[in-house]
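Numbered from 1 within each chain, the chains take letters A, B, ... in sequence-line order.
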Number of protein chains: 6
Amino acid sequence: MKNPKTLSHVDQDGRANMVDVTEKSVTQRFASASGYVQMQPATLHMISRGQHAKGDVFAVSRIAGIQAAKKCADLIPLCHPLMLSKVQVDFSVDTQLQRVNISATCKLAGKTGVEMEALTAVSVAALTLFDMCKAVDPEMVIGEIKVDRKSGGKTGDWVRSESN
Amino acid sequence: MKNPKTLSHVDQDGRANMVDVTEKSVTQRFASASGYVQMQPATLHMISRGQHAKGDVFAVSRIAGIQAAKKCADLIPLCHPLMLSKVQVDFSVDTQLQRVNISATCKLAGKTGVEMEALTAVSVAALTLFDMCKAVDPEMVIGEIKVDRKSGGKTGDWVRSESN
Amino acid sequence: MKNPKTLSHVDQDGRANMVDVTEKSVTQRFASASGYVQMQPATLHMISRGQHAKGDVFAVSRIAGIQAAKKCADLIPLCHPLMLSKVQVDFSVDTQLQRVNISATCKLAGKTGVEMEALTAVSVAALTLFDMCKAVDPEMVIGEIKVDRKSGGKTGDWVRSESN
Amino acid sequence: MKNPKTLSHVDQDGRANMVDVTEKSVTQRFASASGYVQMQPATLHMISRGQHAKGDVFAVSRIAGIQAAKKCADLIPLCHPLMLSKVQVDFSVDTQLQRVNISATCKLAGKTGVEMEALTAVSVAALTLFDMCKAVDPEMVIGEIKVDRKSGGKTGDWVRSESN
Amino acid sequence: MKNPKTLSHVDQDGRANMVDVTEKSVTQRFASASGYVQMQPATLHMISRGQHAKGDVFAVSRIAGIQAAKKCADLIPLCHPLMLSKVQVDFSVDTQLQRVNISATCKLAGKTGVEMEALTAVSVAALTLFDMCKAVDPEMVIGEIKVDRKSGGKTGDWVRSESN
Amino acid sequence: MKNPKTLSHVDQDGRANMVDVTEKSVTQRFASASGYVQMQPATLHMISRGQHAKGDVFAVSRIAGIQAAKKCADLIPLCHPLMLSKVQVDFSVDTQLQRVNISATCKLAGKTGVEMEALTAVSVAALTLFDMCKAVDPEMVIGEIKVDRKSGGKTGDWVRSESN
């Protein structure tokens with residue numbers, strides 16, 4: 001994908017600009033994003049060992065991520081309101097890198113891409129995980145939140161290049 | 001700070017648990033958090049060169065971050081509702097590392113810490129910056145969102161250790 | 001309607017699952033739900049006798065119910081956001097059973113049923129009625145909130161069986 | 001508790017009236033409320049047998065209830081905004097009566113009672129449980145939502161009378 | 001009241017600035033604001049003649065105004081979240097000037113003034129009145145929304161000067 | 001446009017009524033609205049002289065207006081939820097009349113008009129401007145909020161008559 005010469009979200013005078021999608025056609029949109037929360041081994045162990053504890057810690061973060069995806073247009077000023085047809089949030093524990101990896105996918109039959117919704121789901125799921133563990137591990141770091149794939153619309157399929 | 005043995009946000013049976021702060025005393029709370037959005041040099045140049053353009057890109061992200069801090073209890077399920085007395089969001093451009101650094105500070109005279117509010121402000125300011133630049137640079141990465149300092153409450157002053 | 005073997009809202013590993021409706025076709029959806037608030041005869045008399053008083057008590061509850069139907073996806077985590085084309089909330093006073101009966105109907109041309117929206121409208125209208133009368137009658141009971149009819153989608157017309 | 005002669009939430013002309021609590025003193029408030037979702041034995045079995053499935057079904061409903069308590073003033077027009085210091089939502093399965101019993105307790109150091117918050121938590125937890133099971137059991141009934149106990153404020157301790 | 005030399009809501013570099021009220025003392029705050037909706041005589045007659053119709057048109061607008069006051073910090077980016085202890089919205093019909101006059105008062109024991117809350121209540125009550133009458137009278141005008149009085153805080157009592 | 005004989009938003013018994021748009025066809029909708037904030041010359045000068053200051057004052061108000069348009073159905077009880085495809089908010093300084101003029105346009109491919117969204121954008125942008133300047137000029141007046149043009153739907157093109 002070539003870079004356009006101008007930012008779509010500010011006009012020629014630098015003013016905030018919500019892109020006009022009135023005439024855009026409705027297509028099936030998909031986007032996936034990911035990120036992680038880095039934590040101490042003991043913290044990671046604490047939330048992932050028992051079935052019981054694990055249930056609620058990840059369940060609460062998952063719900064927070066799903067709910068946040070639906071609130072994206074309320075959180076990000078120039079996002080269009082839209083009606084997500086699917087939000088999924090998944091977690092995997094990487095004991096090697098001492099991280100909980102978070103991924104989210106969003107779907108929509110609509111006029112705009114849904115990568116901001118997927119990124120928002122990952123971000124808020126990460127914040128919720130942070131909130132639930134901060135009493136035992138205040139130095140956690142939320143990292144590498146990025147778009148991995150998207151499809152639909154004029155751009156068509158897009159996959160993140162490997163080097164990034 | 002020693003690690004407690006248990007997570008405060010799940011009870012002994014692993015169920016989500018909102019901490020009871022009814023009896024806690026009201027003290028002056030402060031927290032600062034930071035993070036960054038990594039982008040291509042051309043993108044960084046585009047949003048930081050002109051006074052005009054810069055105005056709105058950062059102004060929109062700042063407002064989004066401030067508003068998000070106020071919505072923290074709505075986004076993060078086990079956070080307590082609270083009445084922030086101050087939210088500040090700042091940006092600095094690091095052309096060396098090709099990043100926009102974002103920092104946020106929150107204040108409150110209340111019963112709970114405000115680090116989640118500061119982290120939420122940074123996260124949503126970063127997402128908004130991403131949204132405004134994604135048409136020219138879809139491979140941006142949001143990174144290293146973390147708490148830098150906090151004070152108030154039983155814990156007292158806390159500063160992130162350098163090695164992290 | 002036969003019972004499916006599995007819950008649609010948790011996946012095979014028991015994790016919360018928002019149903020994917022991307023490929024579903026848009027049909028006209030309708031749902032009606034009902035419930036009641038049981039109260040002391042004196043309370044019922046107080047809110048239903050005069051035209052004046054009646055106006056605002058029921059008007060406030062009606063508005064609360066309509067507004068809540070629109071917020072359904074924000075309240076119920078796995079509900080899809082949707083654009084209701086009609087919400088109606090009605091009240092009738094049953095002096096025999098000492099109840100205010102509440103019913104709500106919702107309509108949509110969309111991909112998902114709207115029974116949760118109708119149930120939410122009834123619930124919040126009932127809560128609002130409770131709030132307005134609680135100073136005189138704190139022992140009120142909200143009861144029998146249920147779906148009465150729904151149509152549209154793959155299931156087609158569905159009417160609650162009499163015995164329930 | 002004697003019944004007052006007038007409704008506090010409508011003025012003498014029947015107009016909606018938000019009670020003025022400016023001069024009220026701040027006391028420790030507590031309220032508990034309960035209700036149930038009645039369902040088919042097979043449904044009850046499905047959500048309560050396995051540890052895994054149970055985890056998320058009840059976890060999602062619990063989170064929805066907690067979040068709803070925090071939104072009470074947004075849902076119920078004449079409720080005052082307030083800063084809950086604790087919300088707890090619990091479930092118990094009654095296989096005899098074929099019900100999931102839901103209870104919620106709310107706490108606050110503030111100027112108004114929190115029974116509407118507890119009732120809202122129960123209602124929305126019940127609606128969420130309904131949403132998650134409706135595909136297998138559309139004839140569920142949400143019932144007997146009521147205040148069980150409250151304390152604090154001018155009224156002091158109040159316990160629901162047994163006969164109700 | 002003398003004009004300060006600088007805007008409190010932008011810093012010296014022109015960046016949006018939420019005023020820090022952490023150290024401010026809690027005092028009793030009061031503010032009243034007003035405005036009107038100008039309409040055709042026939043429209044005014046239609047909403048004010050019958051007791052019945054009048055009930056709901058003004059009841060809906062009143063509720064919308066009260067609810068909006070509670071959402072002020074969500075609508076106006078640099079407003080502080082606060083816990084209003086009282087909101088009142090009143091209407092009076094002026095057949096001479098062909099207007100519905102709207103007034104709102106807000107109260108709070110807190111650290112910030114509540115004039116923005118009162119102005120927001122008037123504005124949204126006016127918009128709701130407009131919405132309910134727009135099918136018969138699309139040329140209505142909402143006018144003269146202003147603060148009339150405020151008290152509390154460092155400024156003390158303030159009354160709008162007559163000439164304005 | 002002829003005036004209908006009855007209000008669409010109350011039924012024959014005077015009860016609040018959300019118009020049923022289920023069967024309406026989807027057409028391209030457009031609406032523009034305007035209003036102003038009247039202020040002292042010194043205030044006007046303060047917010048419009050420097051590029052820097054101007055940036056954020058108007059940027060914040062613009063964002064507030066755009067965000068409010070998206071929240072219209074949450075603010076105005078009988079408005080339908082809808083998915084705006086474009087919101088634009090503009091400001092112009094009139095030093096002669098000592099006003100900041102505000103205009104907003106909204107677009108949608110949908111079943112309902114978007115004039116309430118445009119009016120809401122103008123109103124909240126005006127309130128935000130008021131908030132940012134109130135410390136230096138508490139006697140500002142928000143005035144003449146009205147619909148200027150709309151198109152789409154059964155009514156077709158509509159332009160405000162000049163005399164109003």
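Each of C:L119, C:I145, C:D148, C:N17 has some count of heavy-atom pairs under 4.5 Å with chain D, and the biggest count is that of C:I145. For the set D:C133, D:A64, D:P77, the entry with the most heavy-atom pairs within less than 4.5 Å of chain C is D:P77.
Using non-hydrogen atoms only and a strict 4.5 Å limit, the part of residues 108-118 of chain C facing chain D consists of C:E115, C:M116. For residues 69-76 of chain C, heavy-atom neighbours of chain D at less than 4.5 Å comprise C:K71, C:D74, C:L75, C:I76, sorted by residue number.
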Assess the residue pair D:E144 and C:E144 against the criterion (side-chain contact (heavy atoms from CB on, under 4.5 Å)); give the C-alpha distance rounded to whole Å, side-chain angles, the decisive distance to 0.1 Å, and a yes or no. CA-CA 7 Å; D:E144 276 182 45; C:E144 277 183 43; over 6 Å; no
Set out, in order, the CA-CA distance, both residues' side-chain angles and the distance that settles side-chain contact (heavy atoms from CB on, under 4.5 Å) for C:L7 and D:I47, then state yes or no. CA-CA 9 Å; C:L7 294 171; D:I47 62 171; 3.7 Å; yes
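Taking the side chain as every heavy atom from C-beta outward, D:K146 and C:F130 never approach each other to under 4.5 Å. Within the 4.5 Å cutoff, no side-chain heavy atoms of D:V147 are placed close to those of C:P138. Between D:V141 and C:R160 the shortest side-chain heavy-atom distance falls below 4.5 Å.
To the nearest 0.5 Å, atom CG of residue D:D131 and atom SG of residue C:C79 are 4.0 Å apart.
Both the backbone and the side chain of D:T120 come within less than 4.5 Å of a heavy atom in chain C. Residue D:Q67: no heavy atom, backbone or side chain, is found under 4.5 Å from chain C.
Scanning both residues, D:M132 and C:V10, for their nearest heavy atoms gives CE-CG1, 3.9 Å. When all heavy atoms of D:V60 and C:A16 are compared, the pair lying nearest together is CG2-CB, 3.6 Å.
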